Amino acid sequence: MPQRSILIVDSERGPLHAVAENLRQTGCEVHLAQGTREGLQQAMEQIPDVVVLSRALVEAEMLDLCRSLLRNLGDETAPAILIAPTGPDLTGLDDASHDSRLAESLALDLLAQCVKTLTFRARHATDGQSVLECHGIRLDPRLALVEMDGQRLDLTPTEFRLLQALLARPGHVLSRDQLEDAARLPHKERETDPNSAESVSRTRRIDVHVKSIRSKLDQKGILIETVRGVGYRFREAAWDLNSLN
């Protein structure tokens with residue numbers, strides 16, 4: 001998955017400069033802009049997942065920046081916009097100096113967590129068109145193309161959608177109902193009673209498609225793991241394929 005891209009718009013030497021390095025260490029691509037004018041320019045060039053605005057900025061300028069981003073980038077590519085949180089009111093505390101530093105640290109930690117959540121959502125919101133790659137298997141939705149170690153695989157449309165759903169969330173278990181949604185089976189074929197003949201037929205149909213995908217993946221078919229009583233998952237990139245054979 002590509003790096004999460006974050007643009008922090010702050011005043012000169014503002015408080016958000018302290019969180020930028022922390023976010024970089026978590027694997028984010030972080031850019032800093034001084035003022036809203038530079039922030040808009042960088043946002044237009046980089047198309048970040050998240051734009052973080054400092055409270056040190058003028059409120060009217062922040063609103064203008066938000067409007068400009070939405071107007072120029074559109075709904076599909078506009079980033080999530082987050083205004084940095086502030087610490088609690090420390091008036092009257094015995095050790096205001098100590099508690100102020102603690103509150104600032106907590107506020108920055110909260111900001112970092114919010115950014116991570118927003119960037120995760122931003123990436124997965126476009127997973128339907130993102131190129132997916134794991135263990136040498138590469139799936140490009142826009143070209144309807146699947147390659148394994150550089151060699152093209154011939155999958156049916158249903159198999160393509162099932163593999164795409166599994167590759168999009170390696171390590172996560174997908175139920176047969178979720179895979180059925182991914183395969184776009186008609187809703188009229190759904191049956192609410194899990195013990196009905198129709199439900200058993202649907203379950204077997206998903207299993208047949210997964211079996212076919214495994215066969216086409218050859219030795220890498222083992223990467224699609226059966227989770228008994230639940231569904232299937234694609235093994236994470238951290239798995240050593242050789243240890244599974």
Side-chain angles (χ1 to χ4, degrees), residues 1-5 26-28 49 113 115-187 189-245:
M1 179 177 291
Q3 281 186 310
R4 297 166 293 182
S5 177
T26 67
C28 297
D49 294 313
Q113 187 57 50
V115 168
K116 292 172 188 175
T117 300
L118 286 171
T119 51
F120 175 85
R121 291 175 181 173
R123 286 300 184 192
H124 283 77
T126 57
D127 272 347
Q129 295 300 319
S130 297
V131 174
L132 305 173
E133 189 165 5
C134 191
H135 290 292
I137 299 170
R138 184 176 184 275
L139 185 148
D140 188 335
R142 295 182 180 180
L143 299 178
L145 175 67
V146 178
E147 294 178 324
M148 183 173 67
D149 298 329
Q151 299 296 315
R152 182 165 184 163
L153 296 181
D154 184 19
L155 302 183
T156 68
T158 298
E159 292 168 354
F160 184 94
R161 289 190 288 266
L162 289 175
L163 181 59
Q164 180 181 7
L166 291 166
L167 274 175
R169 303 189 67 189
H172 291 260
V173 180
L174 297 182
S175 68
R176 286 179 174 83
D177 283 342
Q178 289 174 308
L179 291 172
E180 187 179 61
D181 287 334
R184 302 176 189 172
L185 293 178
H187 284 268
E189 295 183 16
R190 308 287 176 85
E191 175 62 57
T192 56
D193 182 2
N195 297 316
S196 69
E198 177 61 25
S199 179
V200 172
S201 176
R202 287 194 297 102
T203 297
R204 290 174 179 168
R205 188 158 57 244
I206 291 295
D207 292 343
V208 167
H209 286 306
V210 171
K211 181 178 180 181
S212 178
I213 295 171
R214 282 173 168 163
S215 176
K216 293 177 181 180
L217 293 177
D218 198 20
Q219 293 183 347
K220 292 189 178 183
I222 198 171
L223 293 170
I224 301 178
E225 180 184 8
T226 301
V227 181
R228 293 189 179 278
V230 183
Y232 296 93
R233 68 179 162 207
F234 196 89
R235 295 186 188 272
E236 295 175 281
W239 280 92
D240 181 2
L241 183 60
N242 294 327
S243 68
L244 301 176
N245 293 324

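Fair warning: this is a prediction, and the values are worked out from it, not measured in the lab.
Going from atom CE of Met148 over to atom NZ of Lys216 covers 12.0 Å, rounded to the nearest 0.5 Å. For the atom pair SG of Cys134 and CZ of Arg169, the computed distance is 14.0 Å after rounding to the nearest 0.5 Å. With rounding to the nearest 0.5 angstrom, the OH atom of Tyr232 is 11.0 Å from the NE2 atom of His209. With values rounded to the nearest 0.5 angstrom, Ile222 atom CD1 is found 11.0 Å from His135 atom NE2.
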- [ ] May I have the step-by-step check of side-chain contact (heavy atoms from CB on, under 4.5 Å) for Glu159 and Val146, ending in yes or no?
- [x] CA-CA 11 Å; Glu159 292 168 354; Val146 178; over 6 Å; no

- [ ] Show your working on side-chain contact (heavy atoms from CB on, under 4.5 Å) between Asp218 and Gln151 and close with a plain yes or no.
- [x] CA-CA 12 Å; Asp218 198 20; Gln151 299 296 315; over 6 Å; no

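Applying the side-chain contact (heavy atoms from CB on, under 4.5 Å) test between Leu166 and each of Ile213, Leu174, Ile137 identifies Leu174 as the sole match. Leu153 pairs with exactly one of Leu145, Leu163, Leu217 by the side-chain contact (heavy atoms from CB on, under 4.5 Å) rule, that one being Leu217.
At a threshold of 4.5 Å between non-hydrogen side-chain atoms, the residues Asp207 and Arg176 count as touching.
A donor-acceptor pair is defined here as one N or O able to donate and one able to accept, closer than 3.5 Å; no such pair exists between the side chain of His172 and the backbone of Phe234.
With sequence neighbours left out, the side chain to side chain donor-acceptor pair (under 3.5 Å) criterion links Arg233 to Glu225. In this structure, Lys211 has no salt bridge (Lys or Arg N to Asp or Glu O under 4.0 Å) partners at least two apart in sequence or on a different chain. Annotation: salt bridge (Lys or Arg N to Asp or Glu O under 4.0 Å) contacts of Asp154 (sequence neighbours excluded): none. Looking at residues two or more places apart in sequence or on another chain, you find a side chain to side chain contact (heavy atoms under 4.5 Å, CB included) between Arg161 and Pro157, Thr158, Arg184.
Summarising the geometry of Gln164 relative to Pro141, their closest heavy-atom pair is NE2-CG, 3.6 Å, with the distance given to 0.1 Å.
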